[in-house]
Amino acid sequence: MEEKKGRFLRWPWNVVVYVLLALVLRIFAVPVILILIWIQRKNNPHGISEGYCLSRTRKRLTWLIWAFLVLMISVALFCTFKVWLEQDQTYWETMDYVKLAVCGIGGPLLLIGGLYLGYTAVRDTFFPAKSALAQSIRNQLPYPDASPPVDELFAMVDKDLMENAQWFGPVGIGQEWVLGDGANKIDRIRGIFVVNEIHQHHTQTGIRTSRNMELVLIDDRWQRTVTSFNNLKDLQAAADCLALRVPEALRGVNSANMDFWTMDEVARANFEREFRQKKNRRASERIQREALDGGSQDMILRQTDGQVTSRVTEALVDAQLHSCMEQGEGRFILTPSHPVETEGYSFQALHVSVSEGTIWLLLELQNQPGYGMAKALDERDVRRILSGWFRREAPDTVSWELRRVDTPDNQQGTTVQVQQSHTRLSLVYASGAAENHTTFTKEDVQIAAEGIVNGTYQLVDLTHSVGYLWIRVTVGDKMDMRCTVEATKPGGEKLEFYKAKLPPKEAAAWLTGYPYGRFLPGGRDWKQIKK
């Protein structure tokens with residue numbers, strides 16, 4: 001039945017039909033086209049036949065109709081303005097001048113609006129790689145500039161929705177993604193707001209009432225995604241479902257979303273710190289609860305520092321993976337008491353390695369000591385494999401490659417021993433006192449960045465353990481309030497050093513984002529230096 005539904009006026013035949021109708025019926029084709037669009041959406045409500053994301057971009061084609069209507073109104077206003085301008089204005093009243101001004105201002109504004117609607121409709125429909133939806137997905141990846149092609153971007157969201165989606169009107173909520181008028185990664189949501197407002201407009205014929213129902217999501221970049229609803233129950237259900245997925249996110253109604261969205265940077269930083277504290281506390285409580293219920297006695301978890309945990313739970317492994325992803329690096333090993341058998345292979349350990357945001361899995365072979373099958377995977381597949389490993393299930397390794405056990409991410413297949421970490425965070429206070437830390441968290445770096453802005457520190461020096469990453473921020477003086485930022489950039493056979501003068505807030509952003517690949521020195525503001 002679903003297959004039949006998906007076959008009604010599929011792309012691009014729907015466009016061909018619409019164009020032919022417009023050519024034959026001209027302006028009278030508009031209601032017919034709108035009816036066909038309604039029937040198409042009823043038969044294929046979420047666009048599964050061609051992919052949820054691509055279907056959303058194709059639906060922007062309907063904006064051409066509204067663009068055409070807006071342009072027609074604009075032309076009418078221009079014509080009215082011209083006629084009134086040529087009339088005798090001797091006996092004009094104030095209202096006549098107001099009408100003339102409305103036509104004179106409204107015409108150009110509607111012309112610009114119609115052209116923008118038309119441009120957006122054509123861009124999103126025929127060039128999905130440049131669509132707003134593709135950009136919203138791209139911006140939420142760890143490295144937006146190195147994001148995959150648009151078909152892979154869309155497939156990433158489509159796969160999650162096809163396997164896990166719950167649909168509430170126009171919004172689909174999966175395990176990792178929310179798809180409405182834009183796309184949001186669930187773990188990045190910070191605010192969930194329901195807008196349900198009734199507006200009254202006084203007209204010459206009476207009072208007109210309109211209702212505005214929207215789901216507003218605000219993420220950790222403080223970007224807003226607004227999706228309109230026609231059903232209040234669907235709107236409330238979508239908000240409730242998301243609140244269960246992200247219980248630490250702030251919930252609110254109506255104008256509360258604007259208050260949250262317009263918070264200053266200090267309030268945002270405080271909220272983010274509290275958000276992560278609540279999230280870590282909840283994860284810790286879940287781990288403790290599962291440990292009391294009894295963790296796996298058939299598995300041990302070994303970390304890079306040699307720490308071994310014998311009572312292993314899925315929540316503990318999930319927290320360990322999340323910690324590695326947060327830091328952009330890390331490694332741990334899951335070893336069962338007995339090898340996991342599969343067709344033709346026997347695996348004695350599962351190595352998980354995170355390097356520069358990429359997750360590598362390596363299944364250590366029992367009959368080939370020192371070797372294993374390795375592959376880089378996305379976070380969703382990694383969690384699925386880890387869950388199966390607890391049930392003593394090994395993944396299909398057909399596309400995996402043979403690698404040395406010591407480093408699954410080593411592309412040359414040579415052995416590289418684990419070196420002692422040289423991670424360090426050095427702080428020099430405004431008073432001149434100094435302190436050094438060899439163990440610290442992402443929140444500690446965030447606090448150090450805030451100290452650069454508010455004057456607590458005069459120097460922050462951060463050495464990261466992966467990729468020879470080093471950055472130092474030195475606060476400016478009264479003559480030049482800009483900070484001096486020095487950072488490394490691995491290039492070729494030797495390490496390159498760069499220096500730049502940046503405003504305090506921009507320097508703080510570099511301090512927090514640079515170790516995780518969000519920034520790379522070497523732009524026009526940077527000068528290469530010799531060390």
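Summarising the geometry of Ser228 relative to Asp181, their closest heavy-atom pair is N-OD2, 3.9 Å, with the distance given to 0.1 Å. Of all heavy-atom pairs spanning Trp389 and Ala349, the tightest one is CZ2-C, 3.9 Å. When all heavy atoms of Gly114 and Ala67 are compared, the closest pair comes out as O-CB, 3.4 Å. Between Ala448 and Leu427, the shortest heavy-atom contact is CB-CD2, 3.9 Å.
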Going by atom type alone, with no hydrogens or angles, which donor-acceptor pairs under 3.5 Å involve a side-chain atom of residues 232-242 and a protein atom two or more places apart or on another chain?
residue, atom, partner, partner atom, Å
Asp240, OD1, Arg251, NH1, 2.9
Asp240, OD1, Arg251, NH2, 3.2

Less than 3.5 Å apart, which donor and acceptor atoms pair up between the side chains of residues 451-460 and the rest of the protein, not counting sequence neighbours?
residue, atom, partner, partner atom, Å
Asn454, OD1, Thr456, N, 3.0
Asn454, OD1, Thr456, OG1, 2.6
Asn454, ND2, Glu450, O, 3.1
Gln458, NE2, Tyr429, O, 2.9

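Looking only at distances, no side-chain donor or acceptor of Glu496 sits under 3.5 Å from a matching main-chain atom of Pro521.
When the shell of 6.0 Å around CG of Asp259 is examined, it contains more than 12 heavy atoms from other residues, nucleotides or ligands. The local environment of CE in Met258 is crowded, with over 12 non-hydrogen atoms from other residues, nucleotides or ligands closer than 6.0 Å. At most 12 heavy atoms of other shown residues, nucleotides or ligands fall within 6.0 angstrom of atom CH2 in Trp261. Counting heavy-atom neighbours within 6.0 Å of Glu163 CD, excluding the residue itself, gives a total above 12.
Ion pairing of Lys159 with Asp381 is present here, as a side-chain N (NZ or NE/NH1/NH2) and a carboxylate O approach within less than 4.0 Å. Contact check on Glu274 versus Lys278 returns no salt bridge, with no Lys/Arg side-chain nitrogen under 4.0 Å from an Asp/Glu carboxylate oxygen.
Put simply, the side chain of Asp461 reaches to within 4.5 Å of the side chain of Trp470, judged on heavy atoms. Within the 4.5 Å cutoff, side-chain heavy atoms of Tyr116 are placed close to those of Thr120. Between Pro504 and Met481, every side-chain heavy-atom pair lies at or beyond the 4.5 Å cut-off. With contacts defined as side-chain heavy-atom distances shorter than 4.5 Å, the pair Leu363/Pro395 qualifies. Between Ile173 and Ile186, some side-chain heavy-atom pair lies under the 4.5 Å cut-off. No side-chain heavy atom of Phe332 sits under 4.5 Å from any side-chain heavy atom of Val354. By the 4.5 Å heavy-atom criterion applied to side chains, Ile198 and Arg211 are counted as neighbours. In this structure, Leu250 and Phe193 have side chains that are in contact, with non-hydrogen atoms separated by less than 4.5 Å.
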### Task
Run the numbers on Met156 and Asp378 for side-chain contact (heavy atoms from CB on, under 4.5 Å), then give the verdict.
CA-CA 9 Å; Met156 180 170 54; Asp378 60 35; 5.7 Å; no

### Task
Would you sort out whether Leu377 and Ile359 count as a side-chain contact (heavy atoms from CB on, under 4.5 Å), showing the intermediate values?
CA-CA 6 Å; Leu377 298 163; Ile359 310 175; 5.8 Å; no

### Query
Step by step, would you call Glu272 with Arg276 a salt bridge (charged side-chain N to carboxylate O under 4.0 Å, His left out)?
CA-CA 6 Å; Glu272 184 68 20; Arg276 294 189 178 278; 3.1 Å; yes

### Message
For a side-chain contact (heavy atoms from CB on, under 4.5 Å) check, start with the C-alpha distance between Asn231 and Phe168, then their side-chain angles and the critical distance, and finish with the verdict.
### Response
CA-CA 9 Å; Asn231 187 297; Phe168 305 93; over 6 Å; no

### Message
Using the rule given for side-chain contact (heavy atoms from CB on, under 4.5 Å), can you reason through Arg138 versus Leu153, listing the C-alpha separation, both sets of side-chain angles and the distance that settles it, and then say yes or no?
### Response
CA-CA 7 Å; Arg138 196 177 287 120; Leu153 282 177; 3.7 Å; yes

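Seen from the ring of Phe271, Arg190 does not count as a face-on cation partner, given the 6.0 Å and 45° thresholds.
The structure places CG of Leu362 at 13.5 Å from NZ of Lys375, a figure rounded to the nearest 0.5 Å. Distance check, rounded to the nearest 0.5 Å: CZ of Arg268 to CZ of Arg273 gives 15.0 Å. In this structure, CD in Glu214 is found 10.0 Å from CG in Asn254, a value given to the nearest 0.5 Å. Atom-to-atom distance recorded for Gln140:CD and Lys185:NZ is 8.5 Å, nearest 0.5 angstrom. Interatomic distance, CE of Met325 versus OG1 of Thr358, reported as 8.0 Å (0.5 Å rounding).
Pairs passing the ring pair (Phe, Tyr, Trp, His ring centres under 6.0 Å) check and including a residue from residues 214-239, sequence neighbours excluded, read Trp222-Phe260.
Screening Leu109, Ile112, Leu117 for a side-chain contact (heavy atoms from CB on, under 4.5 Å) with Val70, the sole residue that qualifies is Leu117. Applying the salt bridge (charged side-chain N to carboxylate O under 4.0 Å, His left out) test between Glu486 and each of Lys501, Arg472, Lys527 identifies Arg472 as the sole match.
In summary, the aromatic rings of Trp177 and Tyr52 are positioned with their centroids too far apart to meet the 6.0 Å limit.
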